[in-house]
Amino acid sequence: MPVHNTEIATIFDHVADLLEIREANRFRVRAYRNAARTVRDQSRSVADMLEDGEDLSELPDIGEDLAAKIAEIVRTGSLPFLDEISGEVPEAIVAATRIPGIGPKRARALFDALGLGSIDDLRKAADEGRIVEVEGFGPKTQAKIRDELARGDFAEHRIRLDIAEDFAEPLVEWIRQIDGVKKAMIAGSYRRRKETVGDLDILVAGEDGAAIIDRFTRYDEVADIASKGKTRSTVTLRAGLQVDLRVVPEASWGAALHYFTGSKAHNIAGRRRAQDRDLKLNEYGVFDGEKRIAGATEEEVYDKIGLPWIAPALRENRGEIEAAEEGALPRLVALDDIKGDLHAHTTASDGKNTLREMAQAAQERGYEYLAISDHSKSQRVAGGLSEDEIEAQIDEIDRLNEAFDGFRLLKSCEVDILEDGALDFSDALLGKLDLVVASVHSKFDLAEDAQTDRIVRAMDNPRVSIIGHPTGRLVGERRPYAVDVERLVVAARQRGCWLELNADPHRLDLNDVNCRMAKEHEVKIAISTDAHSTGGLGNMRHGIDQGRRGWLCAADVLNTRSWNAVSRLLRRG
DNA sequence: GCCGTTTTCGGCCCGACTGTTTTCAGTCG
């Protein structure tokens, strides 16, 4: 059973949690967290890297010790060191640190002082008013613990970016109207266009922070005010979304935007660079001693630490700083580069609009082409088409195309990959299409080898152009089916087949890390909306956001090309 | 536990806010 990067990272994070509670050296704790991050962010499986004889200690933040521990995990599936220390710290203390405002020190203090053994014990202690008896704890903390435990679920919940937009955009517009607000912008993972956000980080330029924050906390949808100071405030909206507001003087706008956009790892790397240059970087600017030498714009902040401006989508400390240093930052793909959409449905299967309506909507977007890829016959619940119905659709597309000027509908289908890797339509029919998208819609529970073999077998069919939503995951709802994405990428490269980045914000499949892996293997990506309505074509921007996070340039994306160029790339041996 | 053209020890990002305290530790981002 291959050990996945995420399993190794989870073990290291767990070690860090436990060490922190045991009050181990905080830099040692950080080392485990950094290592977890490094492993999680690798586009390749570190188990495979080990097998290939690579030296893991060459990875950032992985030294001799942690490389050996990774090898141990890969070999045995577990880490004895974790078992050793987990025996000494009750899991309940780790769980208690997830209560906002309770960290490792205070959780440990509570459990020790009151002799607690479980979260239930903690709940009882809070209900019975025993928390206040512990030194350093008062009535507010006790009430907070009671409230949080009563609500039950204090696991981190992130919401999809497109949903966050519905709350964020009206809120930031409203903030811009507040007296004294000169600029307002949403930073954080929202600005980095991560597929989900845990909270909203809003930055404001203005002088009278206290007044602005006071007004902010009286926004209509604010349900709870967690903190409220002169420069920052944290509230929770009725919808459960946490919002952090930060107010800075205009002269610090760029430095604050940089700081508040993150990621944390990118910021830390930037501050180290500042230190190396005997400068200090914080949210107010870049400082040489007491003197601020930059801060108004992000460009000048980066310039003072010896770097060109870096696009927010790349700020994850996944090599963007090194790339910037070498002048090798990618010119990321943009929405304007897109010339067409290679995956869409109509009323013929489970779409909401007709061929003609979809074609018109695509033309209004300025596209040169739109591929109609309705479902195949096995997809009964999604109104999959029979071979005869596809034949009829081919004729109708031919007729419609005669009337178009500078635009064409492409004959396609989203053919099901059956359990054994065979396709749901005959080769003869598939041969009549301009392109074929092949997707998995059933048997998600196959073992990894079987699932991967299945998809590779589908790629063996030279009529298959693109694998649709290659991992089947639904953001926040359904984990990817067990599949070795690297094997898919390599197989696609060998066969001249390409992979989809499904732009539907529920899917965003491939994810950012996998997109980057595909790019590194020179496998082109089709950013496709899988639109089931004319409005669905508008999801292209979400795919672009995700592709940018995966370092994709226009050249890495199939549908930044005219149809002639795309069709040449789709032609297989 | 990691890291290094100030290397094999002594550093390790920086600041705001809260609750509990009387000057600050803990937590958070």
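Proteins come first, then strands; the chains are lettered A, B, ... in the order of their sequence lines, and each starts at number 1.
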Q) Does the side chain of A:Q242 get closer than 4.0 angstrom to OP1 or OP2 of B:dG29 through an N or O atom? A) yes
Q | Distance test, side-chain N/O of A:N267 to OP1/OP2 of B:dC13, below 4.0 Å | A | no
Q) Taking CD from A:E283 and C1' from B:dG29, how many angstroms apart are they, rounded to a whole number? A) 10 Å
(Q) From OH of A:Y259 over to P of B:dC14, roughly how many Å is that when rounded to an integer? (A) 13 Å
Q: Step by step, work out the side-chain contact (heavy atoms from CB on, under 4.5 Å) result for A:W253 and A:T297.
A: CA-CA 6 Å; A:W253 174 258; A:T297 68; over 6 Å; no
Q: Using the C1' atoms only, state how far B:dA16 lies from B:dC9, rounded to an integer number of Å.
A: 33 Å
Q) What does A:Q275 touch in the nucleic acid at a heavy-atom separation under 4.0 angstrom: a base, only the sugar-phosphate, or nothing? A) sugar-phosphate
Q) Separation of A:K105 atom NZ from B:dT27 atom C1', in whole Å? A) 10 Å
Q: Identify the nucleotide, in any strand shown, that forms a Watson-Crick or G-U wobble pair with B:dA25, with both distances under 3.5 Å; if there is none, say none.
A: B:dT18
**Q.** Length of the CG-C1' vector between A:D65 and B:dC3, whole Å
**A.** 14 Å
Q.
Rounded to whole Å, how long is the line connecting atom NZ of A:K230 with atom P of B:dG15?
A. 16 Å
(Q) Between B:dG10 and B:dG15, how many Å separate the two C1' atoms, rounded to a whole number? (A) 24 Å
Q | Phosphate OP1/OP2 of B:dC28: any A:S227 side-chain N/O under 4.0 Å | A | no
Q) How far, in whole Å, is B:dC17 from B:dC12 if one measures between their C1' atoms? A) 25 Å
Q | Gap between atoms CZ and P, on A:R292 and B:dC14 respectively (whole Å) | A | 17 Å
(Q) Could you tell me if A:R33 sits above the aromatic ring of A:F12, with its cationic atom closer than 6.0 Å to the ring centre and no more than 45 degrees from the axis? (A) no
Q) What is the distance, rounded to the nearest whole Å, between atom CD1 of A:I102 and atom C1' of B:dG19? A) 11 Å
Q. When the C1' atoms of B:dC13 and B:dC2 are considered, how many whole Å apart are they?
A. 16 Å
**Q.** Contact under 4.0 Å: A:R28 side-chain N or O vs B:dG1 OP1/OP2
**A.** yes
Q: Name the closest nucleotide to the A:F260 side chain, picking from B:dC17, B:dG29, B:dG26.
A: B:dG29
Q. Are A:H258 and A:Y302 close enough that their ring centres sit under 6.0 Å apart?
A. yes
Q) Within the pair A:K280 and B:dG15, is there a side-chain N or O less than 4.0 Å away from OP1 or OP2? A) yes
Q. How many angstroms lie between atom CD1 of A:I527 and atom CG of A:L552, to the nearest 0.5 angstrom?
A. 5.5 Å
Q. Within the structure shown, what part of the strands sits under 4.0 Å from A:R26 by heavy-atom distance: base, sugar-phosphate, or nothing?
A. nothing
Q) Where the side chain of A:L66 is defined as all heavy atoms beyond and including C-beta, which of B:dC3, B:dG1, B:dG15 is the nearest nucleotide? A) B:dG1
Q.
Just N and O in the side chain of A:K69: are any of them under 4.0 Å from OP1 or OP2 of B:dG1?
A. yes
(Q) With a 3.5 Å distance limit and no angle check, can you tell me whether A:N317 reaches the backbone of A:S263 through a side-chain donor-acceptor pair? (A) no
Q.
Over all strands shown, is A:I268 touching base, sugar-phosphate only, or nothing at heavy-atom distances under 4.0 angstrom?
A. base
Q) Any side-chain N or O of A:K140 less than 4.0 Å from the OP1 or OP2 oxygen of B:dG19? A) yes
Q: Kindly say if A:Y284 contacts the phosphate of B:dA16, meaning a side-chain N or O under 4.0 Å from OP1 or OP2.
A: yes
Q: Answer yes or no for A:R193 and A:Y190: cation-pi contact, defined as NZ/CZ to six-membered ring centre under 6.0 Å and angle to ring axis within 45°.
A: yes
Q. Expressed in whole Å, how much space separates the P atoms belonging to B:dT6 and B:dG1?
A. 28 Å
**Q.** Beyond-backbone contact of A:V475 with A:R507, side-chain heavy atoms, under 4.5 angstrom
**A.** no
Q.
Taking 4.0 Å as the cut-off, does a side-chain nitrogen or oxygen of A:Q142 come that near to OP1 or OP2 on B:dG19?
A. no
Q. Which part of the nucleic acid does A:D201 contact within heavy-atom distance under 4.0 Å: base, sugar-phosphate only, or nothing?
A. sugar-phosphate
Q: Report yes if at least one side-chain N or O of A:T141 is closer than 4.0 Å to OP1 or OP2 of B:dT18; otherwise report no.
A: no
Q: Specify the closest pair of heavy atoms between A:L501 and A:G547, including all atoms of both residues, with the distance to one decimal.
A: CD2-N, 3.6 Å
Q. Taking for each residue the nucleotide of DNA chain B with the nearest heavy atom, is it A:A226 or A:L279 whose nucleotide lies nearer the 5' end?
A. A:L279
Q. Syn versus anti for B:dT7, judged by chi lying within 90° of 0?
A. syn
(Q) I want to verify a distance call: between B:dC2, B:dG29, B:dT27, whose nearest atom is closest to the A:D244 side chain? (A) B:dG29
Q. B:dT21 and B:dG26: how far apart are their C1' atoms, nearest whole angstrom?
A. 13 Å
**Q.** Rounded distance in Å - NZ (A:K144) to P (B:dT18)
**A.** 12 Å
Q) Would one find a side-chain N or O of A:R106 under 4.0 angstrom from OP1 or OP2 of B:dG26? A) no
**Q.** Which residue lies more 5' along DNA chain B, comparing A:P139 with A:N282 via nearest heavy atoms
**A.** A:N282
